[in-house]
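Treat the numbers as computed from the prediction; the structure is a model and nothing was measured. To find a chain, count down the sequence lines: A is the first, B the second, and so on, and within it residues start at 1.
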Amino acid sequence: MVKLVGIAGSIGEESYNRMLLQYISKHFKDTVEVELLDINDVPQFNEDEDDGNSEIIQALNRKISGSDGVILATPEHNHTVPAAMKNVIEWLSNKVHPFDGKPVWIVGASYYTQGSSRAQLHLKQILESPGVNAIVMPGNEFLLSNAKSAFDENGDLKDQRTVGFLSMVLKKFLKFMKVIDMMDAPDPKNAHEEDMKSTNKVNTTVEGVDMDDPEWVEKAADKTHAASGGDYVKLDRGLLTVDQLNWFLNSMAGELTYADDNNQFIYYNKNADAAHMLAPRTPDQVGDPLEDVHPARVVEHVKQVIYALRTGQSDVVSMPAQQGPNQHVMHYYRAMRDENRRYRGVNELVIDIMPILKYYLAATGQKLVKDPDATPISPITGLDAVTGASAHSDPTADATSGASAAAAPEEEKPAAPEVDATSGASEETEEVAPTPAPTPEPETDATTGASEG
Amino acid sequence: MKKFVALVGTNTAKSTNRKLLKYMQGRYADEAEIEVVELKGLPIFKKTTEMFVPEQAKTIAEQINAADGVIIGTPEYDHSIPALLSSALAWLSYGIHPLMDKPVMIVGTSYGTLGASRAQAQLRQILDSPELKATVMPSSEFLLGHSLQAFDESGELKSEEEVAKLDGLFQDFLLFTDLSSQLDHSKELHQEEAAEKFSWDNGLTEDNK
């Protein structure tokens, strides 16, 4: 569910703006989760004293950074925003900048007819200043005037027309957040423009830590106050501790790698040393831009894979790597997309499919035979749209992938077992043992190949 | 001789607005007694049922009451005045009204080129609000950009052009102070409204009616 935080602009009094936020939080709880942040104890801003590390500011920073959007409810004091709200914004625009790129919806309640109209204008101006750089929803002002009589004893808005209007504006804000979210997405115009140096920061990028730092994971975790160990993480669908997540991912029947939409290598399921991995990675590489974990000669190929996934031309790109009588390693690159269908990175699975094939043959009592009529497909799938390569093109001439150079010539590839899966053994078929392919160097890891050596 | 209170709109030790106000204090010592008053230490404004006003704010109010006019030096934080100055103005209009009909001159400095122009515009709007109703000198912006480079070691303003501009404005302000003391037809009404019909929330100033 969409997560918002709400801040009421004044402190130390019975606040109709807080009541308004509480009402929004309660009334729309099936649509959005709204957490109210308390600013009562935020000290007076002083740039001389701001090292960016105070507990209370860090807590606000984390909550706002982690939200999908912010609702600010402001009264009007002296034709402007209350000092208390401005004060919080000053803290949050100096050493830390959680509002940067964040969608903000301004509402306001007032005792009389003006409904904080001037304060809302000032607040917009403040939020759009470069240090804050929030993205304020235009139009759709919600000014609740005569606030004293607007709520009933349960804190509910009495006027149904007001509730209807509020609900309509909230819906617009939810849509606005989607649009803003897409604005943040890298948008290369062709594969060559894929930014392999990871300079197009996205809203999940951890700032202030050198991507090439060997201790990027530790430092970035520190910066974000990351959950760890026994901390619970709510997932779709389940609830696990970080330890449980690690056990789960590290026992997957394959090597998993996460490169985000800024082409930054941010995770792999470390269940073996590099020497024992099909596509070796080392712990110090995590955090690196993809360019730094690939040899220069494959970078353009990697770009094509990512571009095909990012743009939705393919959902999966697959290609073979090491091949032999007892091994047929495949790399599967899957596009990850969020609830707005925005590309959020590539999920790479490296897995040896030979044991699966052998199990299948053994369990069904079958063997592989060569199909004389077969028209072999390109060993690489999912890149046709990008490269124009067709199933009949010579994969070795296919410039799309670093993997193809190492892929076995067509006739040496194991033919697809044309067998009836339900009938069991088909004794007539002539056995063709998977032909030993020239063993390729593990240089075939086109997309994420964190380590080539 | 005229007496002015000069409010430093920020609490930072390295404020160039403080420098500017101190410079004015020295330069115009023959024409006016300028008292530079810090806002640092004022708590963030908040309303209470008993309408508590901190001692520091009361002291500043007395200083302003005893002065012929007020000079406010403001930097620009996030395209507006610092929360500290905003708090101060809120305290100075919370049951007490030292700024009401008081002549005010606004100056501002900034590290960049704009010289706090947006903050000054906002400050004018704020000072014009019904609870403050200060008499701000019109058409009188003094925006000092690149303020880190603007002063020499002894705190003198380096640019002759800026000095001439400031001199002119200050002479105008001296005159404006005299002039505005003659604008007394609405003053009684303002004070009356302020006393009887205050305020933002339980108030019935004409703005809210």
Quick check on A:Val81 against chain B: is it the side chain, the backbone, both or neither that has a heavy atom closer than 4.5 Å? backbone

With a 4.5 angstrom heavy-atom cut-off, could you sort out which part of A:Ile89 is near chain B: side chain, backbone, both or neither? both

Do A:Thr80 and B:Gln125 make a side-chain contact, defined as non-hydrogen atoms from C-beta onward lying under 4.5 Å apart? no

More than 12 heavy atoms from other groups under 6.0 Å of [atom1] on [X]:
X	atom1	value
B:Lys165	NZ	yes
A:Lys172	NZ	no
B:Glu162	CD	yes
B:Glu50	CD	yes
A:Lys63	NZ	no
A:Lys175	NZ	no
A:Lys223	NZ	no

Got a second to check how far [X]'s [atom1] is from [Y]'s [atom2], nearest 0.5 Å?
X	Y	atom1	atom2	result
B:Ile126	A:Arg118	CD1	CZ	11.5 Å
B:Glu131	A:His79	CD	NE2	6.5 Å
B:Tyr77	A:Ser93	OH	OG	10.0 Å
A:Gln44	B:Phe45	CD	CZ	13.5 Å
B:Thr12	A:Glu49	OG1	CD	9.0 Å
B:His79	A:Leu127	NE2	CG	11.5 Å

Between A:Gln125, A:Glu47, A:His122, which has the largest tally of heavy atom pairs under 4.5 Å with chain B? A:His122

Option that, when pairs with chain B are counted at under 4.5 Å, heavy atom only, ranks first among A:Asn46, A:Val88, A:Asn94: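 Heavy-atom pairs under 4.5 Å are most numerous for A:Asn46.
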
Short question: side chain of A:Asp48, backbone of B:Ala13 - any donor-acceptor pair under 3.5 Å? yes

Between B:Asn11 and A:Phe45 (side chain of the first, backbone of the second, donor and acceptor by atom type, cut-off under 3.5 Å), is there such a pair?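 Present.
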
With only heavy atoms counted, which part of B:Ile81 is less than 4.5 Å from chain A, the side chain, the backbone, both or neither? backbone

Region of B:Leu42 in contact with chain A, defined by heavy-atom distances below 4.5 Å: backbone

Distance-only side-chain donor-acceptor flag, B:Ser93 / A:Asn78, under 3.5 Å: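 Looking only at side-chain atoms, A:Asn78 and B:Ser93 do form a donor-acceptor pair, the distance falling under 3.5 Å.
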
Closest-packed option against chain A by number of heavy-atom pairs under 4.5 Å, given B:Pro82, B:Gly41, B:Pro43: B:Pro82

Of B:Ser86, B:Ser80, B:Ser87, which is the lone residue that meets side-chain hydrogen bond (donor to acceptor under 3.5 Å, both in side chains) with A:Lys86? B:Ser80

